[in-house]
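For reference, the structure discussed in these notes is given below.
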Amino acid sequence: MTTRTARRALRIAAAGAGAMALLTLSACSASSSPSSSSSSSGDTAADTPVAPKLSGTVTVFAAASLKESFAKLGDRFERRHPGTEVTFSFGGSDSLAAGITNGAPADVFAAASPKTMSLVTDEEGTAGKPVTFVRNQLEIATLPGNPDGIASLKDLTESGVKVVLCDKEVPCGAAAQKALAAAKVDLEPVSYEQDVKGALTKVELKEADAALVYRTDVRAAGDKVDGVDFPESADAVNDYPIALLKDAPNSTAAKAFIELVRSAEGREVLTGAGFLTP
Amino acid sequence: MSPGSRAGGPPRTRTGGARVVPLPLLLPALMGLAFLLVPLLALLVRTPWSSLPDQLTSPGVWEALRLSLICATAATALSLVLGVPLAWLLARTEFPGRGLVRALVTLPLVLPPVVGGVALLLALGRNGVVGRWLDAWFGITLPFTTAGVVLAETFVAMPFLVISVEGTLRAADRRYEEAATTLGASRFTAFRRVTLPLIAPGVAAGAVLAWARALGEFGATITFAGNFPGRTQTMPLAVYLALQNDPAAAIALSLVLLAVSIAVLAGLRDRWMRTT
């Protein structure tokens, strides 16, 4: 009786230890164990045979600025290939990259800068070389009607004008610093936001008077903000790379999605959102 | 902190207790303990000890830590000033809809902090329901200011204090207050001279909880007060943004926050939060 309980307890303990080991693994961001991370992540497509017809879920990790256009392309992809589903995780490119190198089960990564993409390629996390598929340029987002009469970066330094920038650590913030340096403008913002949507929201809510965001974000916000172009933005153009991930659970369908993004049709959707073609 | 030590158990069961703990309870308990502790251990394991001195002596760290400590303390003070009377109202008076009021008061406990930040922005922002008038009449705008950080932290931390104080008030013997009032003290004097000393340990416990919650507050702060080094960038914000590009720095910062939290909880628990 007691020995049986003890044996059962041991078995539970072993299972528990396994679970803990997994936990520790993920907590330790073990980049050195691709085998265990792929075995734990391959839940959707690992046992489905490779078929010419596309099926299953394509998981796309994409920069927050791609949200509107990629959602549209995802819909078109699903309609064209019945039985497939495209799920997105939109966020800051850096956090997405960190998720991927820590074993997140993603198929495709589209980043807002080559630097963030390199976080993944450095860990040999992509299958093949990432390709630039669009470029994005900064614009000044102002309150509707531009009540402060902002026409240039210099106008942002005027007293009483509250400006928010993206944090220097995220791509839109890095681009903003580059543009400000090119314009030789010394700007003290009221806040460094954690991503481009955060910066834009502060203007949409009228808490800030202006923000340096991507042209695509100004476009996506509709009449809630006005956009002001400035010449120095040409010095701070972000290239957006896209890549198939090495541990992609559904690489066949993922490849097809990347093809759609890079096709003439994909380009049309993206330029419609304000992106530039590379 | 160790799993075996139990607060104030009688000595007789302490020696024999360990052997009679049934396995179906012990194993999940140990797994639960491991689940809570392993992530913290992982933080220690992965700490870049060699570069730690450099990380910790960078001015940004101390700026953020200083701001965190100041704001958490200010938020606790504000919670005490507003929260203790609120708890008294909930515990000692009868009014219609009191249950609902209590539920509303504790809502920030379960609300995602970022929702709290959005709500604060809509209420006290420059264009907010109330903030619009603050701006127009007094020229006060709260977003992007240190005062905004304090408000955001108070919003999420005060319910901890209110709950703690209300519980203590309900447990406290009302007869002392009643005796004081029959002896001629006004109700406020009775509260100040009799009730408050009586519930001091509960107030202190609530204050510690609120302080710790305020120290760790992230979502409401970054949403309402934004992120500017030295003004609104508290430690949790610094950790989050450091993680984007410099995980080593983020780990070092996390370690500082962890150490401060443990020090405060461990140091004050024995003194103020004696539960037995």
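In what follows, chains are A, B, ... by sequence order, proteins preceding strands, each numbered from 1. Side-chain atoms are counted along with the backbone in the values below, which use heavy atoms only and exclude waters and symmetry mates. For clarity, every value in this text was computed on a predicted model and none was experimentally measured.
- Formation of a donor-acceptor pair under 3.5 Å by the B:Asn227 side chain with backbone atoms of A:Glu193 is not found in this model.
- Between B:Leu237 and A:Gln194 the shortest side-chain heavy-atom distance does not fall below 4.5 Å.
- Remark: the backbone N or O of B:Phe144 is not paired with any side-chain donor or acceptor of A:Ser191 at under 3.5 angstrom.
- Heavy atoms of B:Thr145 lying under 4.5 Å from chain A are absent altogether.
- Both the backbone and the side chain of A:Asp209 come within contact range of chain B, judged by heavy atoms closer than 4.5 Å.
- Contact check for A:Tyr192 versus B:Gln233: no side-chain heavy atoms found under the 4.5 Å cut-off.
- When each of B:Ile222, B:Asp135, B:Thr232, B:Leu122 is scored by its heavy-atom pairs under 4.5 Å with chain A, the top score falls to B:Ile222.
- Interface remark: of the candidates A:Ser93, A:Pro189, A:Gly198, A:Pro189 forms the most heavy-atom pairs closer than 4.5 Å to chain B.
- Scanning both residues, B:Leu121 and A:Lys202, for their nearest heavy atoms gives CD2-CE, 4.1 Å.
- In this structure, the portion of A:Val170 lying under 4.5 Å from any heavy atom of chain B is its side chain and not its backbone.
- Under the 4.5 Å side-chain criterion, counting only non-hydrogen atoms from C-beta, B:Leu241 is not in contact with A:Lys168.
- Closest approach of B:Gly125 to A:Glu207, counting heavy atoms only: CA-OE2, 2.9 Å.
- For the pair A:Lys206 and B:Arg126, the tightest heavy-atom approach, listed with the atom from each and the gap, is O-NH2, 2.9 Å.
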